[in-house]
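Data first, discussion second: the structure below is written as structure tokens.
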Amino acid sequence: MARKIGSRYTAHQILGRGSAGTVWLGEGPDGPVAVKLLREDLASDQELVGRFVQERSALLGLEHPHVVSVRDLVVDGNDLALVMDLVRGTDLRTRLDRERRLAPEAAVAIVADVADALAAAHAAGVVHRDVKPENVLLDMQGRLGPGGSHPALLTDFGVAKLIDSPRRASTGRASAPTTRIIGTPDYLAPEIVEGLPPRAAVDIYALATVLYELLAGFTPFGGGHPGAVLRRHVTETVVPLPGIPDELWQLVVQCLAKAPASRLRASELSVRLRDLLPLLAGMPPLDVDEPDDADPDPEPSEEPAADPVRRRGVVPLVPGSATDSNRDTHTSMRVPGPDELAGGALGTARVPRPAGGHRPGSARHRAEAARKRRLALSAGAVALVAAVGLGTWLAVSGDEAPPPQDSKQSVPRVP
């Protein structure tokens, strides 16, 4: 059913739902558009509406071939909407769900496009703050790039910033700001988890996480409870993915550095990635399996563990995209304290494993090791019984069996 969005736009059908609102296929004075209608609870927040209007010039001024441009911002009664370019294609999450992982050349080409978009945004003073596959759109009508990749465009600029801010008390007096985390746990930079203000470097960390996910099929620190994921970002290190050139891996490691100043800038990352494309030409997707559940079980289980549920999410702005999902996104969470952040063992809980194997230290690995130990003990016991039986048979089959020995020495009695 069609509905009016302001005086200039008409929304015809829902394309998808995200954490911040609903995306509609719409029509405007200049043709088809995508209309992101923010949730009613957000639209009723007068402070947010004020920020929405304040951000108007920054959002409308961001123009780049790899950015989904915002054409208009609509504030009309209970409607709060962003009107954006309509991209004919799909989002990166949908492709990743379908293919599980991409060939390195295609993955690097897509991430280089997104790095170009971030470079333009950062130059304009805009930090995205929620870079993830759901917010990367693939233009299926665009010219194919390296590895058969479609042009990638980054969308949803400004949404995280609009939603994330200290609240004021209902009396109108400023209250103490609540320290919260806004974003998707798998892609959050360590400094956000520690409560520091987000700078451009948080987008680089998130984009490096996306690149890792495109190559491996899973994120380096994801899995389990969101609190555990946040802790891993701060305390754990990422281990190499088998099968990729060292030059590419070193680039990933640098952009996943815990210290923001150690990461590359978006413009540098784009150039370095494109320089690597000839080296990656023709490489097949990596042959690694997703790690077992990163939260270790207290006791090994004899039953094979169920496959972990793949947490998906989507904020589609294009026709044909999947609707609604359950991936935690724009999650408002309390910042963990120092004791909580230091609670996990240092190291890497998400060690990639060879296809068909188990991650060392995982519940499945421990269960398999325990089973092998039991088999070894059983085999040893059988061998021992066989050895004892063979010795007894040799003893009783000799010419003279030795006299039985008493446990005490016999002393001859003197008459």
Side-chain angles (χ1 to χ4, degrees), residues 1-46 48-94 117 121 126 128-142 151-164 313-325 329-330:
M1 181 178 179
R3 61 174 294 179
K4 295 291 291 183
I5 305 293
S7 60
R8 292 161 48 87
Y9 305 97
T10 302
H12 296 290
Q13 67 182 73
I14 294 177
L15 299 178
R17 303 178 192 276
S19 60
T22 305
V23 181
W24 291 72
L25 172 63
E27 188 75 24
D30 300 321
V33 291
V35 180
K36 189 178 187 77
L37 192 63
L38 299 189
R39 301 192 316 258
E40 289 187 6
D41 63 308
L42 298 178
S44 62
D45 185 337
Q46 293 303 312
L48 185 144
V49 173
R51 291 197 309 274
F52 194 86
V53 175
Q54 290 173 5
E55 291 295 318
R56 180 185 179 92
S57 59
L59 294 176
L60 293 179
L62 194 54
E63 295 281 347
H64 189 272
H66 294 294
V67 171
V68 179
S69 297
V70 177
R71 296 188 182 183
D72 200 357
L73 279 73
V74 176
V75 180
D76 182 24
N78 292 328
D79 287 343
L80 196 59
L82 293 91
V83 180
M84 293 172 282
D85 288 342
L86 181 68
V87 178
R88 302 288 184 178
T90 187
D91 62 80
L92 186 55
R93 172 63 63 197
T94 299
V126 178
H128 190 285
R129 301 179 62 175
D130 198 22
V131 177
K132 57 186 177 182
E134 289 84 347
N135 286 337
V136 177
L137 305 185
L138 302 177
D139 182 3
M140 297 302 182
Q141 296 184 335
L153 293 84
L154 188 58
T155 188
D156 261 14
F157 276 97
V159 173
K161 183 178 180 181
L162 286 171
I163 297 175
D164 181 18
V314 63
V315 188
L317 298 180
V318 292
S321 296
T323 59
D324 226 345
S325 63
T329 180
H330 287 307

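With rounding to the nearest 0.5 angstrom, the CG atom of Leu137 is 13.0 Å from the CZ atom of Arg88. Here the CG atom belonging to Leu15 is positioned 11.5 Å from the CG atom belonging to Asp91, to the nearest 0.5 angstrom. Atom-to-atom distance recorded for Leu25:CG and Gln13:CD is 5.0 Å, nearest 0.5 angstrom.
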- Trace of the side-chain contact (heavy atoms from CB on, under 4.5 Å) decision for Val126 with His128: CA-CA 6 Å; Val126 178; His128 190 285; over 6 Å; no
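Residues satisfying the salt bridge (Lys or Arg N to Asp or Glu O under 4.0 Å) criterion with Asp72, sequence neighbours excluded, are Arg8, Arg56. By the side-chain hydrogen bond (donor to acceptor under 3.5 Å, both in side chains) test, Glu63 pairs with Ser69, sequence neighbours left out.
Here the side chains of Arg71 and Asp85 are in contact, with some heavy-atom distance below 4.5 Å. Side chains of Asp130 and Lys132 form a contact here, defined as non-hydrogen atoms less than 4.5 Å apart. Counting heavy atoms from C-beta on, the side chains of Val68 and Asn135 never come closer than 4.5 Å.
Among all heavy-atom pairs drawn from Val35 and Gly26, the shortest one is CG2-CA, 4.4 Å. The two residues Tyr9 and Gly28 come nearest to each other via the heavy atoms CD2-CA, 3.6 Å. Taking all atoms of both residues into account, the shortest heavy-atom contact from Ile5 to Ala11 is CG1-CB, 4.0 Å. Of all the heavy atoms in Leu37 and Ala81, the pair that sits closest is CD1-CB, 3.8 Å.
Ion pairing between Asp76 and Lys4 fails under the 4.0 Å rule for side-chain N and carboxylate O.
Side chain of His12 to main chain of Ala2: no donor-acceptor pair is present (N/O by atom type, distance under 3.5 Å, no hydrogens or angles).
The side chain to side chain contact (heavy atoms under 4.5 Å, CB included) test with Lys36 singles out one residue from Leu80, Val83, Asp156, Thr22, and that residue is Asp156.
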